[in-house]
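Within every chain, numbering begins at 1; the chains are lettered A, B, ... in the order of the sequence lines, protein sequences first and strands thereafter.
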2 protein chains.
Amino acid sequence: MQTSQRTDQQRATERRRKELLEAADRVVLRDGPEASMNAIAAEAGITKPILYRHFGDKNGLYRALAKRHTDALLASLRTALDSADARRDRVEATLDAYLTAIEARPQVYRFLMHPTEQESSDTEKGFDAGRQSAPLLRRLGEELARIIAERLDLGPGGDELARVWGHGIVGMMHAAGDWWLGERPCSREQLVRHLADLLWGRLAAAADMPGGPGL
Amino acid sequence: MQTSQRTDQQRATERRRKELLEAADRVVLRDGPEASMNAIAAEAGITKPILYRHFGDKNGLYRALAKRHTDALLASLRTALDSADARRDRVEATLDAYLTAIEARPQVYRFLMHPTEQESSDTEKGFDAGRQSAPLLRRLGEELARIIAERLDLGPGGDELARVWGHGIVGMMHAAGDWWLGERPCSREQLVRHLADLLWGRLAAAADMPGGPGL
DNA sequence: CGGTAGGTGTTACCGTTAGTAACAATGGCA
DNA sequence: TGCCATTGTTACTAACGGTAACACCTACCG
């Protein structure tokens with residue numbers, strides 16, 4: 001029968017694709033995000049054209065690779081967001097989940113943050129001003145925005161507000177996490193508390209330094 | 001006299017360097033951050049090796065180029081931070097200054113956010129986990145941290161807190177700005193207000209959506 | 001049985017890139 | 001005049017992403 005055979009072929013192809021992705025994963029995690037297609041092909045025991053047949057181009061391979069890791073990270077963040085009872089605890093748990101992930105596997109983090117300049121397709125060749133951030137950040141931002149809009153009563157225009165906050169919070173988490181991972185100026189728990197304090201309006205409530213120009 | 005002559009030479013060299021930087025600027029702003037060294041040399045009316053003599057490698061040129069724009073942006077942000085009287089107005093003015101800058105010259109913004117993988121030098125070849133962000137963001141974060149630590153009375157451990165907040169706020173501004181620049185979901189003024197609301201603790205104060213699981 | 005279609009795999013190449021070696025010309029200075 | 005530094009060139013290397021052309025195997029189908 002043609003269909004069942006076709007299905008067998010497809011499964012074999014998918015299995016092969018998965019093997020190639022795992023080889024690529026090993027290389028990227030060993031050599032960093034700039035790993036060459038030659039190196040990946042060699043790790044998989046084959047040569048370049050096969051990679052190109054499976055993934056189209058380097059971006060295709062990297063997008064497939066990033067999707068796996070991004071899905072995993074997103075799942076753990078969603079779990080954290082549903083964990084505790086108090087809002088502050090949930091926010092802290094989510095921040096902590098993100099920081100724990102990037103701390104545990106910095107190479108994965110480094111790869112995911114690498115801008116892969118996903119195909120522009122619709123933009124008219126030249127200047128897409130935005131889209132500078134890694135796709136991971138965009139996805140996290142949108143996801144968080146959805147959750148905020150669903151769970152918080154923000155009144156009229158709440159959806160727009162939720163999206164701004166989603167991207168803003170993710171950006172805060174990312175930048176602080178990146179800096180923290182490089183310099184390790186404090187414990188993870190303390191960083192989480194500091195960031196939650198910021199979100200809880202402590203910046204607005206703090207007193208001016210006596211004698212200064214104030215902020 | 002040897003010293004004065006040496007000074008003349010140095011000045012000539014610096015002027016030449018400046019000319020080359022201006023040519024590079026034109027090309028990068030026209031062709032994007034991936035402009036080739038050949039293209040830059042051609043724009044300057046010379047050939048590659050001269051560029052390499054002046055700037056060492058591509059990163060050297062790009063770092064020199066980025067410094068000028070970063071200095072300019074930082075100056076305008078500092079001005080905004082000293083503008084109004086109320087803290088909320090200052091924060092809004094600063095956010096607005098940043099967003100105005102990236103809106104007015106998105107090519108410059110795009111170039112500055114391009115990760116230039118500045119020389120690692122001290123890290124032992126392979127894994128610097130952090131340092132993923134563009135140098136511009138690090139610098140903005142450190143600068144903001146300094147100002148916060150100087151002007152706010154945050155009690156013991158305030159310096160550490162200020163640094164976390166500095167990088168966190170800059171990251172928030174960057175991610176939200178990048179998303180906004182790409183999708184233009186609202187006016188600049190509204191984005192500024194939304195972000196300031198976030199920093200003013202409105203996330204913590206918002207009511208749960210009635211009937212939902214809450215956040 | 002032989003043909004044909006589709007998948008896997010190869011070698012050998014292309015165009016472009018960052019970066020370099022080797023050499024020529026200019027101009028001030030002893 | 002001879003020396004030295006600087007500016008400039010041409011011509012190259014090594015590596016990269018990507019592709020064309022071809023060989024092989026296997027399975028279905030007349």
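Atom pair A:Phe55:CZ and D:dG18:P shows a separation of 13 Å (rounding to whole Å applied). Rounded to whole angstrom, the span from the CD atom of A:Glu19 across to the P atom of C:dG7 amounts to 17 Å. In this entry the distance linking CG of A:Asn38 with C1' of C:dT10 reads 13 Å, nearest Å.
Proximity note for B:Ile50 (side chain, C-beta onward) versus D:dT9, C:dG7, D:dG18: the nearest is D:dT9. Taking only side-chain atoms of B:Pro49, from C-beta outward, the nucleotide of C:dG7, C:dT10, C:dA21 with the closest atom is C:dA21. Nearest nucleotide to the B:Tyr52 side chain, out of C:dT8, D:dG18, C:dA18: C:dA18. For A:Ser36, counting side-chain heavy atoms from C-beta on, the closest listed nucleotide (D:dG18, C:dG7, D:dC16) is D:dC16.
Below the 3.5 angstrom threshold, one finds no donor paired with an acceptor across the side chain of B:Lys58 and the base of C:dG19. In the interface, the side chain of B:Arg53 is not paired with the base of C:dG19 through any donor and acceptor atom under 3.5 Å apart.
B:Arg16 has a side-chain polar atom (N or O) that falls below the 4.0 Å cut-off from OP1 or OP2 of D:dG8. Between A:Thr47 and C:dT10 there is a side-chain N or O to OP1 or OP2 distance below 4.0 Å.
The aromatic ring centroids of B:Phe111 and B:Tyr62 lie less than 6.0 Å from each other.
As judged by a 4.0 angstrom heavy-atom cut-off over every strand, A:Ile46 is placed among residues touching the sugar-phosphate backbone only.
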Derivation of the salt bridge (Lys or Arg N to Asp or Glu O under 4.0 Å) call for B:Lys67 and B:Asp71 | CA-CA 6 Å; B:Lys67 188 171 185 321; B:Asp71 288 346; 2.9 Å; yes

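Salt bridge annotation for B:Arg146-B:Asp159: absent, with no cationic side-chain nitrogen under 4.0 angstrom from a carboxylate oxygen.
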